[in-house]
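Worksheet: one structure, shown below.
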Amino acid sequence: MTSPTTTLEKADPNDLNSLYKYLRVCDVADALDGIGYFNLTLMSPEVRPLWEGMKFWGHAATMRCVPANKPMWKLDTTEDIVDAHRIWFERHGHRKLPDDLAPGHVIVMDSGGGPEVGFWGSENTMAAVGAGAVGIVSDGNCRDTGEVILQRTPVAVRERGRTIIPGRIEVVEVQGTISCGGVQVRPGDMVGCDDDGVIVVPAEVAHEVATHARAILLADMYKRRKHYDALGMQPDSTVDVDAVLAYYDGI
Ligand SMILES: O=C([O-])CC(=O)C(=O)O
Ligand SMILES: [Mg+2]
């Protein structure tokens with residue numbers, strides 16, 4: 001975690017991404033409990049970050065997939081085999097998220113429960129990050145996971161997979177209401193991930209939840225800071241209460 005005082009950065013009360021920045025998934029889970037949203041939007045623990053230390057919050061951009069009902073066909077040349085995606089998409093189309101999504105979004109995909117398919121891989125997840133995504137969440141598979149981990153690309157998925165899209169999966173809708181990891185996700189809902197797992201915050205309560213979660217985080221930081229002192233441990237950014245207070249000052 002970067003210490004906020006080192007950058008003199010301040011939270012913007014009108015920007016949810018900045019309000020959530022230092023919150024842990026557990027703070028937000030407790031805050032959701034506090035307003036009576038018990039377990040409603042906790043994504044299945046099977047949807048896990050691919051590497052340790054991953055942390056992101058952002059507004060959801062959604063994709064809904066179903067298993068393909070048309071086969072891919074045998075290709076005749078190496079060139080065509082390398083180009084299998086294009087050949088399949090040219091025949092059957094490929095729905096994509098809009099190009100003008102605001103930076104700071106989290107792509108959340110309902111994989112449709114079909115066969116193993118590495119819809120996401122080390123290349124297209126990097127392209128998504130280049131287009132402003134701060135995270136990619138799917139209840140399906142990701143492949144090239146060694147590279148995804150090496151790249152520190154923020155991907156949370158249910159399983160690792162090996163195969164490619166043609167003949168296995170189709171995107172049928174983007175920016176609609178979906179189910180992912182057993183919970184509802186709508187475009188604009190806040191989605192967060194850290195080492196504990198993934199959580200969704202319905203947009204209409206996202207501001208209120210951020211306020212409660214901030215208080216929960218700070219109360220816990222105070223207590224952990226005392227343990228650090230009692231145990232003679234060197235403080236780190238996770239117990240830098242002053243820095244977090246300064247970041248949220250005036251809000
Ligand atoms: O090509 C794909 O569909 C997924 C993939 O391996 C990548 O993006 O690296
Ligand atoms: Mg790949």
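What you see is a predicted model, and the numbers here were worked out from it, not measured in a lab. Counting starts at 1 for both ligands and their atoms, in listed order. Along the sequence shown, residues carry numbers from 1.
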Closest protein heavy atom to atom 3 (O) of ligand 1, given as residue, atom name and distance to 0.1 Å
H85 NE2, 2.8 Å

Heavy-atom contacts with E123 under 4.0 Å: which atoms of ligand 1 show up? List them by number with element.
7 (C), 8 (O), 9 (O)

Heavy-atom check, side chain of V171 versus side chain of F119, under 4.5 Å
yes

Protein contact of atom 8 (O) of ligand 1 - nearest heavy atom, named by residue and atom, plus distance:
N124 N, 2.8 Å

According to the interplanar angle, ranging from 0 to 90°, do the rings of Y22 and Y247 count as parallel (below 30°), tilted (30 to 60°) or perpendicular (above 60°)?
perpendicular

Starting from atom 6 (O) of ligand 1, locate the nearest protein heavy atom and write down its residue, its atom name and how far away it is, to 0.1 Å.
R143 NE, 2.7 Å

Check E173 with R95, please: is the shortest side-chain N to carboxylate O separation under 4.0 Å?
no

Candidates P166, G161, G118; heavy atom nearest atom 4 (C) of ligand 1 found on G118

Would you check if M72 and I164 make a side-chain contact, meaning some heavy-atom pair closer than 4.5 Å?
no

Under 2.8 Å from the Mg ion (ligand 2), is there any N, O or S atom belonging to D144?
yes

Just which atoms of ligand 1 are under 4.0 Å from any heavy atom in S122?
7 (C), 9 (O)

Using heavy atoms and a threshold below 4.0 Å, how should the contact between D144 and ligand 1 be classified: side chain, backbone, both, or neither?
side chain

N/O separation below 3.5 Å, W120 to ligand 1
no

Which of the numbered atoms in ligand 1 are under 4.0 angstrom from any heavy atom belonging to F119?
3 (O), 4 (C)

Is any side-chain heavy atom of P154 closer than 4.5 Å to a side-chain heavy atom of V129?
yes

I'd like to check H105 versus L97 (side-chain heavy atoms, cut-off strictly below 4.5 Å). Are they in contact?
no

For V134, the option from V191, I107, V106 that meets side-chain contact (heavy atoms from CB on, under 4.5 Å)
V106

